[in-house]
K.L.:
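Below is a structure I'd like to ask you about.
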Amino acid sequence: MFRPQRWAVLVAALSAGWNGRGAAQTGSGPGRDDGQWTMPAKDFASTRYSALAQLTTGNAQRLRPVWSFSTGVLGGHEGQPLVVNHTMYVVTPYPNVVYAFDLTKEGYPLKWKYRPNVNSAAIGIACCDVVNRGAFYADGRIYYNLLDGHTVALDAASGREIWKTKVADLNIGETTPMAPLVVKDRVIVGNSGGEFGVRGWVKGLDAETGKIIWTGYNVGPDADLLVKPGSFRSFRASGTQLSLNSWPKEAWKLGGAPVWGWLSYDPKLDLVYYGTGNPAPYNAEQRPGDNRWATSVMARDPDDGSLRWAYQFTPADNWDYDATQEMILTDLPVKGKVRQTLVHFDKNGFVYTFDRGTGELLAADAYVPVNWARGVDLRTGRPEVDSTKLTGVSRGTVKDICPTLEGGKNQQPAAFSPVTRLFYVPTNNMCMDYTTANVSYIAGTPYIGAAIPYKPGAGGHLGAFIAFDVTKGKKIWEVKEPYPVWSGALATRGGLAFYGTLDGWFKAVDGRTGAVLYKFKVGSGVVGNPISFLGPDGKQYVAVYAGIGGDWLLLSGDVRSDDPTDVRPPASFMPDIARHTSQGGIVWIFGL
Amino acid sequence: MDLWPVTIMRRTALLISCLVIHLGASDAAQAQRSAPPPVRSDQHVEAGGQPPPAGTLRNPFQGDQQAAEDGGKLFSAFNCDGCHAGGAAGAVGPSLADGRWRYGGTDGEIYHSIFYGRPRGMPAWGGTLPPEAIWRLVSYLKSIEPAKDTSATVTW
């Protein structure tokens, strides 16, 4: 909720330290860090880079856990804590409890906790476990979403509820696990439900009151998309009704394109960026056409929501390749010239570089093994699809498509270090067989129509943590992991990268070589994202959630521990994950 | 309690293709009861939090293999497999193939779970599916043989 006229005050507060109420809003660049972590990805650019440098490749071996806390919740602990004004804020999966810990006192006792009354029916509407991807701090308030379609603002000092707004409707399959983005006076949120035939949107709420100011749909008529005459461009498609005309009849009304991932913001261009999810249903033959703007990146004006540019990664998506992964805003050299770039590692296995002002596609390279397309034609902006990998009811079972619908990566966000100029990317290494069926829409039930078993990709390992040089389109190193790497990445100025594994290790690696410098078994598989902050003692710490879940509650078989009446056989492609982990949310802090 | 079998018998004439039914006059009578059915004192712990026992409901398709097969098709047609997975092995919704039941595993109890829904995300299908479709679903679920992987002990 920072307002432009406050900039001068904010900058002054930052240079003087970080005790000011609004001082947390600017994020950081290389070499400058306020020691806090006020928003999901550290900064508006979504770099997940901490400029703190006390922890280094020279001392990381001496890391140790200094504190832990059981959240008492077993769902998948995606997302990350925040640290603001010597307070750590933790949001749990459903039932979406918020804990505020006082970091100035021994043992970090609670200052307050907030226990909302969340509708338990949401458990059955969330496609893939009851995750929450975190909160956003701005101007003395904590903003976050409840799973049952509400956005909440809390007083960060007391936990008092300031407002609570219903933004989504469970009865049509909508839930809200994503983390809001707060810019200027707007709290921007989106809906989930690509597996339930929702129609994807983002809404801009008034940060002060919670009132919904605008709603921008991702599919349908221009007016609903907030396409305003003269303000919208698609770099290669021209004309009007670009979304509407890419769907049969009224299929867009159940067309998916939800917003369950991460949002970024460029204050200079005043544009918010986010990706949209899969078109519904999975059976592409029920929705012939490109299905714009599902599986796309969208750029909107935060004030009125107007759509400025859009690009579709996977036209006529045949493989559930959501594009909701983070948009990382950095300025990279392209063909010898530094551009204002947006970098996106898509589920479909390609990493894309755009000019984030115009939406021009500058580069696209595979960052994991890909066989559904031979590449991306930069001239047309379209993937060169291998037609033998197209799916649909008439095609029966289509075998050996890489990557799977879990993506080259999924929700797990990458990090970018301006020091090494590398992206640190958690990845999956799996392929799939794809069988679709015709499916009927029944409101509030899954609208999928597919059976899609997975198998390990080349090499047999199911995941890897990689360092990728986007300017060269090249992987620099990788740490192979037996299971998909479902945690986010953290990069620090001390030359380190951090991540967690599905079998419950938290690891620190050398950002230049990938050498593992430290690891610790955190009690449950990691699907959350590490952060770094300065404690009241002036020392650098790293925090992360343990707590397996998300897609891996569904897919891995018997890791459930909260229900004696739900016993599942292990998944054929990962038969022994339950040997290494069960459910259970724990917040960990590491330090020297 | 005793009103339910009567209500259901009246509805057996409905075809599966006729999906939308509305609660009739007998339900008003049900609503006018002054107290719910009693809970037996020797079972009051196990009954905690459960709706009234449904043991008096009778599955008209008991042992009917064709009904179970039809139920398998309905399980897919009504997107049950979207949550409970193919073969009811469990995904976001619990496994219904492990021989264990959160809300009871008699035919009548499973009927209740489908008809009224359950509080952690199971929708109520009583207003959408006619009773015989629900009974076919029950028959299908009861026909699934638990996989050996769902036994109490797992060793590596």
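Letters A, B, ... are given to chains in the order of the sequence lines, protein chains preceding strands, and every chain is numbered from 1.
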K.L.:
So which part of A/A578 gets closer than 4.5 Å to some heavy atom of chain B, the side chain, the backbone, both or neither?
P.N.:
both
K.L.:
Do you know which of A/A450, A/P570, A/P564 has the most heavy-atom pairs under 4.5 Å to chain B?
P.N.:
A/P564
K.L.:
Decide yes or no on side chain to side chain contact (heavy atoms under 4.5 Å, CB included) for A/D129 and B/V92, but give the supporting numbers first.
P.N.:
CA-CA 6 Å; A/D129 196 10; B/V92 68; 5.9 Å; no
K.L.:
Does the side chain of A/T445 reach to within under 4.5 Å of the side chain of B/W125, using non-hydrogen atoms?
P.N.:
yes
K.L.:
Report yes or no: does B/N79 contribute a side-chain atom to a donor-acceptor pair with the main-chain N or O of A/Y441 at less than 3.5 Å?
P.N.:
no
K.L.:
Kindly say whether A/R568 contributes a backbone atom to a donor-acceptor pair with the side chain of B/D98 at under 3.5 angstrom?
P.N.:
no
K.L.:
Side-chain contact test, heavy atoms from C-beta onward, threshold under 4.5 Å: evaluate it for B/S95 versus A/V567 and give yes or no.
P.N.:
no
K.L.:
Tell me which of these, A/L555, A/L554, A/N119, has more heavy-atom pairs under 4.5 Å with chain B than the rest.
P.N.:
A/L554
K.L.:
Which bit of A/I442 is near chain B, if near means a heavy-atom gap under 4.5 Å: side chain, backbone, both or neither?
P.N.:
both
K.L.:
Quick check: are there more than 12 heavy atoms from other residues, nucleotides or ligands sitting under 6.0 Å from NZ of A/K521?
P.N.:
yes
K.L.:
Out of B/R100, B/R102, B/R120, which one pairs with A/D563 under the salt bridge (charged side-chain N to carboxylate O under 4.0 Å, His left out) rule?
P.N.:
B/R102
K.L.:
Within a radius of less than 6.0 Å around CD of B/Q66, do more than 12 heavy atoms belonging to other residues, nucleotides or ligands occur?
P.N.:
yes
K.L.:
Strictly less than 4.5 Å between heavy atoms, which residues of residues 81-89 of chain B line up against chain A? Please order them by number.
P.N.:
B/G82, B/C83, B/A89
